[in-house]
Amino acid sequence: MQQYPHAKTQVKLPVLLFLKLVGPPVVLYFENPEEVYNELIEVMKSANDKAPKLIEKKANGPVKNIAFLDTQIASVALQEETHVSY
(Lines give C-alpha, C1' and ligand atoms only; values in the text may rest on other atoms or scores of the structure.)
Protein backbone atom coordinates (compact mmCIF):
# COMPACT_ATOMS: atom_id res chain seq x y z
CA MET A 1 0.00 0.00 0.00
CA GLN A 2 1.23 3.45 -0.89
CA GLN A 3 2.04 5.71 2.06
CA TYR A 4 0.48 8.78 0.38
CA PRO A 5 -2.44 7.54 -1.74
CA HIS A 6 -3.14 10.92 -3.39
CA ALA A 7 0.49 11.62 -4.28
CA LYS A 8 1.57 11.65 -7.92
CA THR A 9 4.99 10.30 -8.75
CA GLN A 10 7.03 11.31 -11.75
CA VAL A 11 10.23 9.57 -12.79
CA LYS A 12 12.96 11.52 -14.57
CA LEU A 13 16.10 10.02 -16.09
CA PRO A 14 18.88 12.62 -16.24
CA VAL A 15 22.27 12.09 -17.84
CA LEU A 16 25.15 12.65 -15.44
CA LEU A 17 28.23 13.97 -17.22
CA PHE A 18 31.49 13.69 -15.28
CA LEU A 19 34.16 15.99 -16.70
CA LYS A 20 37.86 15.87 -15.87
CA LEU A 21 38.97 18.65 -13.48
CA VAL A 22 35.34 19.28 -12.44
CA GLY A 23 34.25 17.95 -9.04
CA PRO A 24 30.51 17.23 -9.20
CA PRO A 25 28.79 15.83 -12.28
CA VAL A 26 26.80 18.03 -14.64
CA VAL A 27 23.15 16.94 -14.52
CA LEU A 28 21.46 17.15 -17.92
CA TYR A 29 17.82 16.48 -18.79
CA PHE A 30 16.85 15.41 -22.31
CA GLU A 31 13.72 14.17 -24.06
CA ASN A 32 15.65 11.00 -25.02
CA PRO A 33 18.29 10.43 -22.30
CA GLU A 34 19.21 6.88 -23.35
CA GLU A 35 20.08 8.06 -26.86
CA VAL A 36 22.27 10.91 -25.53
CA TYR A 37 23.93 8.52 -23.07
CA ASN A 38 24.82 6.07 -25.85
CA GLU A 39 26.07 8.92 -28.05
CA LEU A 40 28.36 10.21 -25.29
CA ILE A 41 29.71 6.70 -24.67
CA GLU A 42 30.66 6.49 -28.37
CA VAL A 43 32.26 9.95 -28.18
CA MET A 44 34.33 8.80 -25.19
CA LYS A 45 35.50 5.69 -27.06
CA SER A 46 36.61 7.66 -30.11
CA ALA A 47 38.21 10.60 -28.27
CA ASN A 48 41.71 11.45 -29.50
CA ASP A 49 44.06 13.65 -27.41
CA LYS A 50 45.84 14.90 -30.53
CA ALA A 51 42.64 16.10 -32.20
CA PRO A 52 39.99 16.93 -29.58
CA LYS A 53 36.48 17.72 -30.82
CA LEU A 54 34.08 20.24 -29.37
CA ILE A 55 30.76 18.70 -28.32
CA GLU A 56 27.73 20.91 -27.78
CA LYS A 57 24.46 19.72 -26.29
CA LYS A 58 21.14 21.49 -25.76
CA ALA A 59 19.30 20.20 -22.71
CA ASN A 60 15.87 20.79 -21.14
CA GLY A 61 16.73 21.33 -17.47
CA PRO A 62 18.44 24.06 -15.49
CA VAL A 63 21.49 23.64 -17.73
CA LYS A 64 20.20 24.66 -21.18
CA ASN A 65 23.41 24.51 -23.24
CA ILE A 66 26.77 22.92 -22.58
CA ALA A 67 29.94 22.68 -24.65
CA PHE A 68 32.99 20.58 -23.78
CA LEU A 69 35.87 18.77 -25.44
CA ASP A 70 35.46 15.05 -26.04
CA THR A 71 38.79 14.43 -24.30
CA GLN A 72 37.44 16.00 -21.08
CA ILE A 73 34.75 13.35 -20.52
CA ALA A 74 35.68 11.20 -17.52
CA SER A 75 32.45 9.23 -17.32
CA VAL A 76 28.74 9.24 -18.18
CA ALA A 77 25.83 7.78 -16.20
CA LEU A 78 22.05 7.63 -16.12
CA GLN A 79 20.30 8.21 -12.81
CA GLU A 80 16.63 7.63 -12.12
CA GLU A 81 14.99 10.36 -10.04
CA THR A 82 11.54 9.99 -8.50
CA HIS A 83 9.62 13.20 -7.74
CA VAL A 84 6.53 13.09 -5.56
CA SER A 85 3.89 15.81 -5.77
CA TYR A 86 0.70 16.14 -3.75
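Only this structure's heavy atoms are used, side chains among them; waters, hydrogens and symmetry mates stay out. All residue numbers refer to positions in the sequence shown, counting from 1. Computed from a predicted structure; not experimentally measured.
With I55 as reference, V43 is the one residue of L17, V43, I66, L69 to meet the side chain to side chain contact (heavy atoms under 4.5 Å, CB included) rule.
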Checklist line | CA sep, side-chain torsions, deciding dist, call: E34, E39, side-chain contact (heavy atoms from CB on, under 4.5 Å) | finding: CA-CA 9 Å; E34 293 92 354; E39 179 185 339; over 6 Å; no
Note to self: Could you walk me through whether L40 and V15 satisfy the side-chain contact (heavy atoms from CB on, under 4.5 Å) test, starting with their C-alpha distance in whole Å, then the side-chain angles of each, then the deciding distance to 0.1 Å, before giving a yes or no?
What the structure shows: CA-CA 10 Å; L40 291 175; V15 175; 4.2 Å; yes
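Salt bridge E31/K58: absent, no basic N to carboxylate O contact under 4.0 Å.
Q72 contributes atom CD, which lies 6.0 Å from atom CG of L21 (distance to the nearest 0.5 angstrom). The distance from the NZ atom of K57 to the CZ atom of F68 is 7.0 Å, given to the nearest 0.5 Å. Here the straight-line distance linking atom CG of N60 with atom OH of Y29 works out to 11.0 Å at 0.5 Å rounding. Atom-to-atom distance recorded for Q10:CD and E81:CD is 10.0 Å, nearest 0.5 angstrom.
L16 is not connected to L19 by any chain of hydrophobic side-chain contacts under 4.5 Å among Ile, Leu, Val, Met, Phe, Trp and Tyr, and they are in different clusters. One hydrophobic cluster, built from ILVMFWY side chains closer than 4.5 Å, cannot hold both V27 and M44; they sit in different ones. One hydrophobic cluster, built from ILVMFWY side chains closer than 4.5 Å, cannot hold both F18 and I41; they sit in different ones.
In this structure, E35 places its CD atom where only 12 or fewer heavy-atom neighbours from other residues, nucleotides or ligands lie under 6.0 Å away. By the neighbour-count criterion of 12 heavy atoms within 6.0 Å, atom NZ of K53 is sparsely surrounded, having that number or fewer from other residues, nucleotides or ligands.
With K20 contributing its side chain and T71 its backbone, the two residues share a donor-acceptor pair below 3.5 Å.
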